Amino acid sequence: MTPLLAQAGLTQGVTVALVLSAALFTIGLIGFLVRRNMILMFLCTELMLQAASIAFIAFGRMREDTGGQTFVIFILTVAAAEAALALGLVVLLYRRRETLSAEAWQELHE
Amino acid sequence: MSAAVTVAERIGSLVPEMIVFGGSVVVSVTGLSPKRSVRAATPFLSVLTLIAALVALTKGWGGSTTAGLLLPGVGPFARGLILLMGVGGAALAAGLVDRRYEEAVARGVAPFDPIRVVRGEFFAFMLLSICGALLIPGSPDLIWLFLALELTSLPTYIMVAMSRGTRRAQEAAVKYFFLGALSTAILVYGFALIYGSTGSLQLTEIRAALAQQSAMGGIDAVGTIGLLLVAIALCFKLAAAPMHFYAPDVYEGAAAPVTGFLSFLPKMAGFSALLLVVDAAGWGGMSNAGNGLPPALQATLWMVTVLTMTLGNVGALLQRSAKRMLAYSSIAHSGYMLMAIVAGPELGLPALLLYLLAYGVNNNAIFGALSGIERNGQEVEKVEDLAGLARRHPGAATWLAVGSASLMGMPPFLGFWAKLVLFIAVVKSGHTPLVVIAAVNSVVSVLYYLRLAGVPILAPSGAAAEGVVKTPSAGPRLAAVVFGVGVLVLPLFMNRLVSQIEKAAGVPQKMGAAAQPDALQAASR
Amino acid sequence: MTFAASMLAHSLTLAPGGGGDAAHASLADAPIVAATADPSLAWMGWVLALPAISAVLCALCAAFRVKNKLPAICTVLALGSAFALVLKLYLARGPGAAPVTVHLWDWMNFGWGGGPWKSFQADVSLYIDSLTLLWMLFVTGLGTLIALYASEYMEAERGPGYARFFFGVSVFLLAMSALVMADNLVLLYFGWEGVGLASYLLIGFYYRKPSAVAAAKKAFIMNRVGDLGLAVGIWLIWVNYGTVEFGALFQAFDDAARGVGGWDRSLIPFCLMLGAFGKSAQLPLFTWLPDAMEGPTPVSALIHAATMVTAGVYLIARMQPLFSLHPDAMATVGWIGALTALLAATIGMAQYDIKRVFAYSTISQLGYMFMGLGVGTAFGAAYHVFTHAFFKALLFLTAGAVMHGFAGQLDLRHLSGLRRVPGFRIVSWTMLIGCLWLSAFPYSAGFFSKDLILVQAMSSPRFQMLGWIGLGTAALTAYYTFRVWFRVCAGPVAYAPGDEDHGHDDPAHDAHGHAAHGDDAHGHDDHGGAFHPHAPRLAINSVLLLICAGAILAGVPGIQALRGEQNWVQEMVSNSSAVRAAGVDHVTEPVAFGMDPHKLVTVFGTGACLGGIAIALWIHLLDRRMADRLRTALLSNGLTRWLPTSMENKWYVDELYHALFRLPAWVTSHLLHFFDRHFIDGLLVNGLGRVPVAMGRLFQPLYNGALQGYAGTMAGGLVLVLAWVAWKWLGATGGAA
């Protein structure tokens with residue numbers, strides 16, 4: 001990983017932040033795949049979004065550009081909107097099935 | 001921000017979007033009105049809003065500034081197409097939500113309760129989604145692109161859940177939402193890496209930076225992975241492999257009008273965004289048979305194209321549900337259209353835009369026919385249940401047959417011409433193996449399209465097919481007729497259409513190059 | 001231009017001894033005047049647009065269940081306006097103007113690489129020369145009149161069926177106009193398919209009647225065979241000449257280097273011929289036309305007598321520059337035409353259904369037209385098309401009036417003395433005119449046009465045999481034509497009603513229809529009580545008189561020619577692509593019996609006509625039992641029994657086709673089935689064909705409905721792509737090298 005990043009012109013400090021961000025993204029992805037609770041699954045996607053935020057801030061700092069931080073503000077906004085939607089949906093689904101497990105919803109398949 | 005374009009100019013270019021947005025506010029209010037006639041007018045208001053936006057666009061209020069934009073010519077065409085198909089989508093959904101409740105209110109069984117009606121919200125969300133899609137082609141930077149993509153997709157999740165009160169619709173919504181959230185996360189991470197590689201959020205600056213990197217020996221690893229992540233995340237919107245798995249379930253679970261909406265609008269949005277991304281990645285450069293994409297992205301797109309059309313077509317062969325079959329067909333068509341991206345801008349861009357137009361028109365005709373009939377208040381799901389439809393509802397059977405024949409690419413329907421132009425473009429760009437694969441796929445697709453076209457006309461009507469009646473709302477049938485006639489009539493204007501699209505795409509006139517009759521006539525005069 | 005005009009001026013004579021040889025010599029290599037683009041004629045697009053608009057309006061009427069005559073009004077107005085436009089163009093241009101093309105809009109234009117054969121262009125453009133105008137004049141004119149007639153004839157169907165009928169008529173006129181005015185073969189082909197579709201829809205109009213459905217299917221399938229030939233022909237033309245536009249094609253045919261040579265070029269006229277024979281019901285493909293009489297009678301008159309069936313003649317006349325390069329193809333056309341004329345006439349002699357007699361006479365007369373094309377007088381063929389359109393439409397419309405009035409009765413054994421039945425006077429006398437014209441009575445239009453074809457045949461030693469066949473057929477024609485008239489219109493008054501097979505569109509219609517009948521005293525009172533024929537009213541009678549006048553006036557060019565003046569039709573043909581077959585090439589020295597061809601044909605033709613009429617007069621009016629006695633006598637004699645039975649059974653052509661095609665088809669299909677089960681199914685379908693399905697099954701478990709399963713596959717796909725890219729492009733080269 002490190003030679004790849006160094007070759008892209010990255011400094012040591014940024015590299016650390018990027019490794020953190022990649023780790024967070026991976027954790028979020030794996031969490032999404034292994035957890036069955038829909039609220040936890042949603043939080044995992046939030047984790048992935050925040051991983052992207054960290055990458056943006058790190059890159060913005062490296063480039064000395066405010067664009068990365070600007071993007072993060074919009075990511076937070078969208079994440080909030082998604083959270084509202086997710087909660088509404090989860091409540092609706094819970095009323096129907098009385099469970100939060102994603103496995104309860106497998107009626108549509110081949 | 002690009003110095004050449006002021007904020008006022010940028011806002012001034014958004015008149016159609018503002019009209020649609022305003023319309024969404026208005027319909028969300030009229031949907032709650034205690035007066036039945038006002039509530040019933042909601043779909044009409046939506047259609048009127050979209051038509052007003054279309055008029056504004058044709059009047060040139062969609063902005064003439066092209067500075068700081070990639071592929072500026074695509075914008076007006078894509079926005080016009082989105083609005084036109086949006087009109088069809090709104091007409092399809094005219095009698096969809098709140099039908100039982102409104103009937104109960106009309107009979108006096110239930111009192112009117114504004115909490116229980118969702119029609120206003122439904123159409124408001126539809127208009128918001130269209131508004132988001134309209135914003136995509138003119139995105140100057142990644143933030144704008146990201147927000148527009150989210151504005152396109154978030155409302156559709158709710159529309160799926162609202163479309164029918166059934167468990168299946170809710171299941172469709174939950175799958176669509178969670179997988180959509182996953183793809184959004186991947187998209188944003190890809191954006192972050194592109195930003196890291198190029199140091200800018202402006203698409204034009206990104207293009208310049210990536211071109212510089214290419215000239216220096218290749219785009220760096222961060223940029224390459226970022227581009228790949230974005231492209232693959234956008235495959236979710238296109239319903240292309242490997243992100244297509246949600247499509248059959250979601251299309252089957254949602255009500256037919258919403259399925260019709262979902263199979264065009266997100267695809268259109270996805271292609272608009274993908275065009276911007278590949279253009280930023282050097283699509284227009286001429287290093288690789290008319291296509292300057294970095295080889296990794298080019299190879300990935302090639303694989304995605306082949307996988308998408310193959311998985312779509314072989315999947316559709318096994319289906320009994322008409323909507324599920326159309327979901328796989330929608331996947332397959334995404335595969336065909338992705339070929340145009342591989343083919344490069346000069347040839348591929350006009351072919352892609354024509355194919356999107358043809359696909360949208362076909363799609364609205366077929367879903368209009370499917371949404372216009374029901375049995376016992378339920379949608380007719382299985383293809384077998386359509387048997388003998390021609391005897392009872394010749395109109396629906398005709399448009400179903402016309403739409404299917406066109407989707408399979410049978411001459412002289414619209415789909416054939418779109419496919420012909422696309423295949424010629426891909427062959428000319430030197431990707432003959434792709435066309436061979438696509439042709440084999442088209443042959444395979446005949447098997448299931450013929451079933452969809454033939455069963456309603458040829459099969460004797462069985463017990464299951466009895467009791468198919470028209471839905472009370474005329475909207476879907478009207479859409480089926482209008483777009484079905486489009487399928488039949490547009491081929492008559494093929495050459496004009498192609499040269500208009502080539503002009504919009506800003507490429508030299510290739511297909512219509514043999515002779516420009518206007519010029520010929522002028523010369524002969 | 002001036003050269004061509006002056007050249008034509010001294011070649012335009014029909015009468016004997018009028019310098020025909022010189023005319024022939026100069027016409028044989030006359031250049032085809034190149035068409036010029038004329039955008040100012042764009043209003044001719046309305047000729048296509050008007051029937052299209054009317055079709056849309058009729059479809060709307062059907063959708064909104066309009067019960068009045070609105071569809072008929074729309075159609076008549078639209079077609080009438082189209083006719084007015086054609087007439088306006090004709091009057092503005094006159095018969096001798098040079099051809100023009102009118103570009104309406106771009107349609108297809110594909111290029112792959114530069115140069116010829118690397119692009120394909122076909123636009124929606126019109127090619128208007130005088131041949132086009134000649135056809136358009138009678139197509140739109142008769143179309144208008146017949147739509148007017150149908151407005152009364154079809155009134156029992158008022159409601160969706162009525163609108164459906166006029167929708168079909170409008171679509172037909174749209175397609176026919178596109179066929180005739182097309183400036184390229186692809187647009188012509190679309191028109192060709194369009195008229196076939198309209199014909200199919202209208203033959204099957206009474207779709208509750210199994211025989212009508214079967215007839216529609218038969219027509220459709222037989223026409224597909226012909227259309228396949230046409231399609232292959234067009235494809236070969238494009239392959240060989242690199243264009244499908246008439247103007248460029250005519251130049252290419254003239255180009256000695258590109259005109260002929262090669263088996264595939266020689267095949268082209270035969271392919272086109274197959275299409276023409278299918279559409280115009282000639283010998284291998286004629287049996288669909290008599291069955292097509294199951295359609296409503298106005299349709300029989302318009303589509304299956306006057307206009308659509310002449311599309312084959314039009315095609316060959318339009319492609320005359322190509323056909324004239326292939327003498328064998330021309331001879332084939334001539335022989336097929338002559339044999340069809342003879343065969344159809346013998347069948348027509350033994351039919352009892354009036355419409356079927358007229359149907360066989362149509363086939364027979366179309367045979368004359370093809371004979372004319374084959375022996376090299378497109379002028380004679382076009383003139384015969386023109387006169388025939390009038391008198392045959394007239395005959396069908398009178399038959400329709402009889403059918404309308406006598407509750408569907410068409411059997412000539414159950415109708416007699418109509419001329420004395422109140423209200424049928426106009427029908428009887430116009431039918432007499434039609435019969436005289438059909439039997440080529442001297443100085444009728446039919447006489448002049450048939451004369452031209454036969455003279456041309458007699459003049460050439462190669463084709464003299466065809467001339468004699470034509471003369472013999474003329475006698476048969478006169479006999480069977482007057483057999484109908486003497487049986488139906490002359491003699492004592494006697495009739496029996498038919499079984500009222502107007503057909504009904506939907507069950508709801510019955511109640512409505514009969515209520516309406518009660519109102520306007522228009523009932524078919526065959527449900528008990530005495531039968532009263534109901535006489536045709538204003539629309540039918542006026543149309544009969546108008547078309548009758550047209551038929552009489554159609555003889556004017558013939559009389560002009562006799563008087564040594566310019567012949568209008570010949571002038572029209574000479575200014576088209578068929579210019580080289582516009583002359584009358586007759587020799588002046590005696591060819592047989594010491595007479596020159598013209599005299600020969602006049603004398604023998606008159607004799608054949610009068611003889612046929614006389615025999616019909618004798619055995620069908622003066623001594624009606626004579627015909628039956630004759631038939632019995634022939635049947636009782638073992639040696640001659642075959643004659644009436646085979647004629648009544650249409651020479652067993654249908655049965656022959658059954659044996660020739662259906663039986664081997666049945667055997668082959670069983671063989672194929674065997675092959676299919678053991679080879680195709682066993683090897684290909686279960687092997688190759690199953691591959692996509694098996695692939696589908698292979699991937700099916702992935703779509704298991706589990707949200708996380710989908711997410712896992714998506715993520716897996718993403719990781720695979722990234723790993724592949726990293727290994728292939730990033731890792732292997734040590735990053736971006």
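The figures here come from the full heavy-atom set of this structure, side chains too, leaving out hydrogens, waters and symmetry mates. Order of the sequence lines fixes the chain letters, A, B, ..., with proteins taken first and strands second; residue numbering starts at 1 for each chain. These numbers were taken from a predicted model, which means no experiment stands behind them.
Both the backbone and the side chain of A:A86 come within less than 4.5 Å of a heavy atom in chain B. With a 4.5 angstrom heavy-atom cutoff, B:L154 touches chain A via backbone and side-chain atoms both. Both the backbone and the side chain of A:T70 come within contact range of chain B, with heavy atoms under 4.5 Å apart. Contact annotation for A:L93: only side-chain heavy atoms (C-beta onward) come within less than 4.5 Å of a heavy atom of chain B. Using a 4.5 Å cut-off between heavy atoms, B:I186 touches chain A through backbone and side chain atoms alike. Contacts of A:F71 with chain B are made by both backbone and side-chain atoms, with heavy-atom separations under 4.5 Å. With a 4.5 Å cut-off on non-hydrogen atoms, A:L29 touches chain B through its side chain but not through its backbone. Only the side chain of B:Q319 comes within contact range of chain A, with heavy atoms under 4.5 Å apart. Residue B:Y328 touches chain A through its side chain alone, counting heavy-atom pairs closer than 4.5 Å. Only the backbone of B:T198 comes within less than 4.5 Å of a heavy atom of chain A; no side-chain atom from C-beta onward does.
A donor-acceptor pair is defined here as one N or O able to donate and one able to accept, closer than 3.5 Å; no such pair exists between the side chain of B:Y189 and the backbone of A:M48. B:R168 places no side-chain N or O within donor-acceptor distance of the main-chain N or O of A:E107, the cut-off being under 3.5 Å.
Counting heavy-atom neighbours within 6.0 Å of A:R35 CZ, excluding the residue itself, gives a total of 12 or less.
For the residue pair B:E171 and A:W105, the shortest heavy atom distance occurs at OE2-O, 3.3 Å. Shortest non-hydrogen contact noted between A:L89 and B:A173 is CD2-O, 4.0 Å.
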Quiz item: Can you check ring-ring contact (aromatic ring centres under 6.0 Å, His included) on B:F191 and A:F56, steps first, answer last?
Solution: CA-CA 9 Å; B:F191 279 176; A:F56 263 119; 7.8 Å; no
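Looking only at heavy-atom pairs under 4.5 Å with chain B, the residue among A:S53, A:G60, A:A81, A:A55 that has the most is A:G60.
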